[in-house]
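In what follows, residues are counted from 1 in the order of the sequence shown.
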Amino acid sequence: MATKTNDPKRNSWIGYNRDTHFPIQNIPFGVFLTRDNVITIGTRIGDYAIDLGALQEMGYFDMVPLTDDMFMQDTLNDFISDGKKTWRLVRNRIGDIFDKNNPELRDHKEHRDRIIFAMDEVEMQLPVLIGDYTDFYSSKEHATNVGTMFRDPDNALLPNWLHMPVAYHGRSSSIIPSNIPIHRPQGQTITAGSDQPVFGPSKLLDFELEMAFITTDANSLGHPIPVKEAEDYIFGMVMLNDWSARDIQKWEYVPLGPFLAKNFASAISPWIVTLEALEPFRTESPKRERPVLDYLDSKKNSSFDIHLEVDITPQQGRPTTVCKSNFKHLYWNISQQLAHHTVNGCPVNSGDLMGSGTISGPTPDSYGSMLELSWRGEKPVQLNDGTERRFIEDYDTVTMRGYCHKGDLRIGFGEVSNKILPVYQPKSK
Ligand code: MN
């Protein structure tokens, strides 16, 4: 259903460029630290962060039924728990407050000064307290590429893959917001032909281009979520870089799956873009290659057309875009993922994070990891400073962006960006 909030013709009295990811139609949610060191829930228009706690305190949400301190918290979990109806009322109200023709706040300088901050004055935090993190493996192209490299090109997909969105349970303690640097992980690896592992820095450090959705309280223990209702329990989406150490992964992952190769860091973009804002960009998932079981038969147009890009920027150098992909390539959509996750009665809580899996497209320039882009290191990726990369080196920064556009309307996620530091060295006494 189209809402006024999504009206592409609407303008704001906050100015922004046409190519911003955050026009008045976006209204994402995040948490930030203000210049006065106050932590607050906020939204963003153009290059300005808006303090929703201050707006609430000054009475701008009085017509919306909210608990008194809804936005004066350091996470969005309670707001997300309130459900879809509240999300919509709040987005509608924010759209109205910042509408070009509404003088309410526009002409109230004293209030504006307390509510609006330039983005470079605030420090973005994790938007939610993430209780549980699950990572799917829903790109057929990625699963096929990895299966081809590590197992057997003729049977690259395992027999279950076309019948269910497979996943593993990740670790939430190492999920970080954009801009936090990451030390290269160390661990056990083994060289081909050897039977004795060695310990040391990962030599095959990689990114995974992913997106993730954030849930509300969805179900009680034992109650599955029907696939056609799944979106009612999804608040919105973020970009996710699921950092991976391929050499550690290869040695450790049989039989229980990834462990230390993945849980040293996973980074997310700080603004959660709601499914409502993504509504104009719905699209169909790729054609089914096998009939799906009824519990996975999702509604039409359950995927989204979201352009994705990855840049590598060396310590001294300009960014090189090494990958262009799209969320719509995913074989399994978010409704199918959530329905499958809960079909056995597994409960999902407010603030849970569900990663898509690496989003690779059909062409070599759309592969969402260095493992695939450099094909295990056999085809180095050229950077525009003349150097090349097989995997990620110390002091490289990896930046991922995502945005949708249609006509004049552009809705984006901003970016998730992290620099890699050398292995952590304890300070000597
Ligand atoms: Mn992953």
Which of these, Asn26, Ile272, Leu308, Leu278, sits in a side-chain contact (heavy atoms from CB on, under 4.5 Å) with Phe413? Leu278

Verdict with reasoning, Lys328 to Glu284, per salt bridge (Lys or Arg N to Asp or Glu O under 4.0 Å): CA-CA 8 Å; Lys328 72 180 178 187; Glu284 200 51 89; over 6 Å; no

May I ask you to check whether over 12 heavy atoms, not counting those of [X], lie within 6.0 Å of atom [atom1]?
X	atom1	result
Lys228	NZ	yes
Phe259	CZ	no
Asp113	CG	yes

What residues form a side chain to side chain donor-acceptor pair (under 3.5 Å) with Arg288, not counting sequence neighbours? none

With sequence neighbours left out, what residues match Asp69 under side chain to side chain donor-acceptor pair (under 3.5 Å)? none

Partners meeting salt bridge (Lys or Arg N to Asp or Glu O under 4.0 Å) with [X] (sequence neighbours left out):
X	result
Asp132	none
Asp51	none
Glu309	Arg401

Do the ring centers of His169 and His341 come within less than 6.0 Å of each other? yes

side-chain contact (heavy atoms from CB on, under 4.5 Å) between Tyr137 and Trp161, intermediate numbers included: CA-CA 9 Å; Tyr137 191 56; Trp161 200 94; 3.6 Å; yes

Pro224: side-chain contact (heavy atoms from CB on, under 4.5 Å) partners, not counting sequence neighbours: none

Got Trp243 and Asn241 here, is their nearest side-chain heavy-atom distance under 4.5 Å? yes

The residue among Lys419, Arg389, Gln315 that forms side chain to side chain donor-acceptor pair (under 3.5 Å) with Asp396 is Arg389

side-chain hydrogen bond (donor to acceptor under 3.5 Å, both in side chains) between Asp217 and Ser350: does it pass, once the steps are laid out? CA-CA 5 Å; Asp217 308 279; Ser350 174; 4.6 Å; no

In sequence, state the C-alpha distance, the side-chain angles, and the governing distance for Phe29 and Trp87, and then conclude on side-chain contact (heavy atoms from CB on, under 4.5 Å). CA-CA 10 Å; Phe29 292 91; Trp87 312 336; 5.7 Å; no

